[in-house]
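For reference, the structure discussed in these notes is given below.
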There are 2 protein chains.
Amino acid sequence: MIETGSYTEVLRREGLRNTKHRNSILETIEGSGKPVTAEEIFLNLKSKNISINLSSVYRALDILVFKEVVVKSTIADSSSAFFEINKREHKHNLICSGCKKIFPVDGCPLEEYEKLLQDKTGFDVTGHRLEIYGYCHECKEEKKYFSNE
Amino acid sequence: MIETGSYTEVLRREGLRNTKHRNSILETIEGSGKPVTAEEIFLNLKSKNISINLSSVYRALDILVFKEVVVKSTIADSSSAFFEINKREHKHNLICSGCKKIFPVDGCPLEEYEKLLQDKTGFDVTGHRLEIYGYCHECKEEKKYFSNE
DNA sequence: TTAGTTGCAAATCGTTTGCATCAAG
DNA sequence: CTTGATGCAAACGATTTGCAACTAA
């Protein structure tokens, strides 16, 4: 059976077999527009009546991360990993400590700093991870009502 | 039995019982001078012939994190959590992707940026997490010898 | 005395693996 | 056909929990 999905070309380019599952997984991640967990992907596919095993989701993600098609990350207060399409554009996430929603923000304030650090420490800096925590507009409001400070 | 350890006062201040175990755990974290895992703490205590159960280490850490005496964090490529004494001074870690050693660096380049972001997004920014990845001096050398780029 | 702390064993959660089957190339 | 991809069940490592025994206050 010959399948063609929106990620067929990407998979081919990476030397990976173009399977229905890999396409659906990538489309699901893409479609959600924010970092998602393996389980979220799994449940999303299930809700679309796409039958797949959770371990296959993990396996697909593994190889896609290795090929740098997908980026894996973790956030504080969550024991599970998050996955997103590697857009190769440098951005960070704003994470709401209230509702745990993730809001991507463009740009990065660290380029200068990394050079500085490299000179100061002799470390060969290759990258970084930055997340900003706080309360989104809605949760900020809620906090106002329930807080007694 | 009345125990007095170096953290007796801290525990009392937080309304926690001053136990031998909590003192030893805090001393072990302090002594190691870098973020450590629950298991590392457990093994370290064991090597000093202090008999404690791993689950008690976790329980003590939980409450100490809640009381903000200890800070919990995770790093990429490790499934376990790291704990360190909350010095309440703002610093970040430089993590070697080669040997996985963690090097604390003082200071933080993000104060300005957070204000900016707060204005731009309406988010109530409360903090952030930043780690910088790269290769330490030793691993940089090794990379030179083994790499074929 | 009594509420908080511990040890122990079992449970849980996210993730990984071995193996037989299946499908893409 | 051949190798890589999948499903399934079982294993795994880190962490959490229920419960009975213990101990700091």
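If you're wondering where the values come from, they're calculated on a predicted model, not measured in any experiment. The chains referred to below are lettered A, B, ... by the order of the sequence lines, with proteins before strands, and numbering in each begins at 1.
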Under-4.0 Å side-chain N/O to phosphate OP1/OP2 contact, [X] with [N]:
X: A/S79; N: C/dG14; result: no
X: B/N18; N: D/dA24; result: no
X: A/T19; N: D/dT6; result: yes
X: B/S56; N: C/dG7; result: yes

*asked:* If you go through the side-chain atoms of B/R59, does one of them form a donor-acceptor pair with the base of C/dG4 closer than 3.5 Å?
replied: no
*Donor-acceptor pair under 3.5 Å: do we get one between A/R17's side chain and the base of C/dG25?*
no
Separation of atom [atom1] in [X] from atom [atom2] in [N], rounded to whole Å:
X: B/Y7; N: C/dT5; atom1: OH; atom2: P; result: 18 Å
X: A/L61; N: D/dA5; atom1: CG; atom2: C1'; result: 14 Å
X: B/K20; N: D/dC22; atom1: NZ; atom2: C1'; result: 14 Å
X: B/F66; N: C/dT5; atom1: CZ; atom2: C1'; result: 17 Å
X: B/F83; N: D/dT15; atom1: CZ; atom2: C1'; result: 9 Å
X: B/L11; N: D/dA25; atom1: CG; atom2: C1'; result: 14 Å
X: A/K72; N: C/dT16; atom1: NZ; atom2: C1'; result: 10 Å
X: A/L54; N: C/dT16; atom1: CG; atom2: C1'; result: 11 Å

*Contact nearer the 5' end of DNA chain C, comparing B/S55 with A/F82*: B/S55
Using a 4.0 Å heavy-atom cut-off across all strands, classify [X] as base, sugar-phosphate, or nothing.
X: B/S51; value: sugar-phosphate
X: A/A81; value: sugar-phosphate
X: A/R22; value: sugar-phosphate

*In terms of side-chain heavy atoms of B/H21, which of D/dG7, D/dA5, C/dG7 is nearest?*
C/dG7
*Which one, D/dT16, C/dT15, D/dG7, comes nearest to the side chain of B/Y58?*
D/dT16
_Identified side chain to side chain contact (heavy atoms under 4.5 Å, CB included) partner of A/V69 from the options A/I29, A/V10, A/L11_ = A/V10
*asked:* Name the residue from A/S73, A/C136, A/P35 that meets the side chain to side chain contact (heavy atoms under 4.5 Å, CB included) definition with A/I102.
replied: A/P35
*Residues A/K87 and A/E30 bridged, charged N to O under 4.0 Å*: yes
_Atom pair CD1 (A/I52) and CD1 (A/I41), whose distance is rounded to the nearest 0.5 Å_ = 9.0 Å
*Please lay out, stage by stage, how B/E27 and B/K48 fare under the test salt bridge (Lys or Arg N to Asp or Glu O under 4.0 Å).*
CA-CA 12 Å; B/E27 282 162 12; B/K48 294 182 198 150; over 6 Å; no
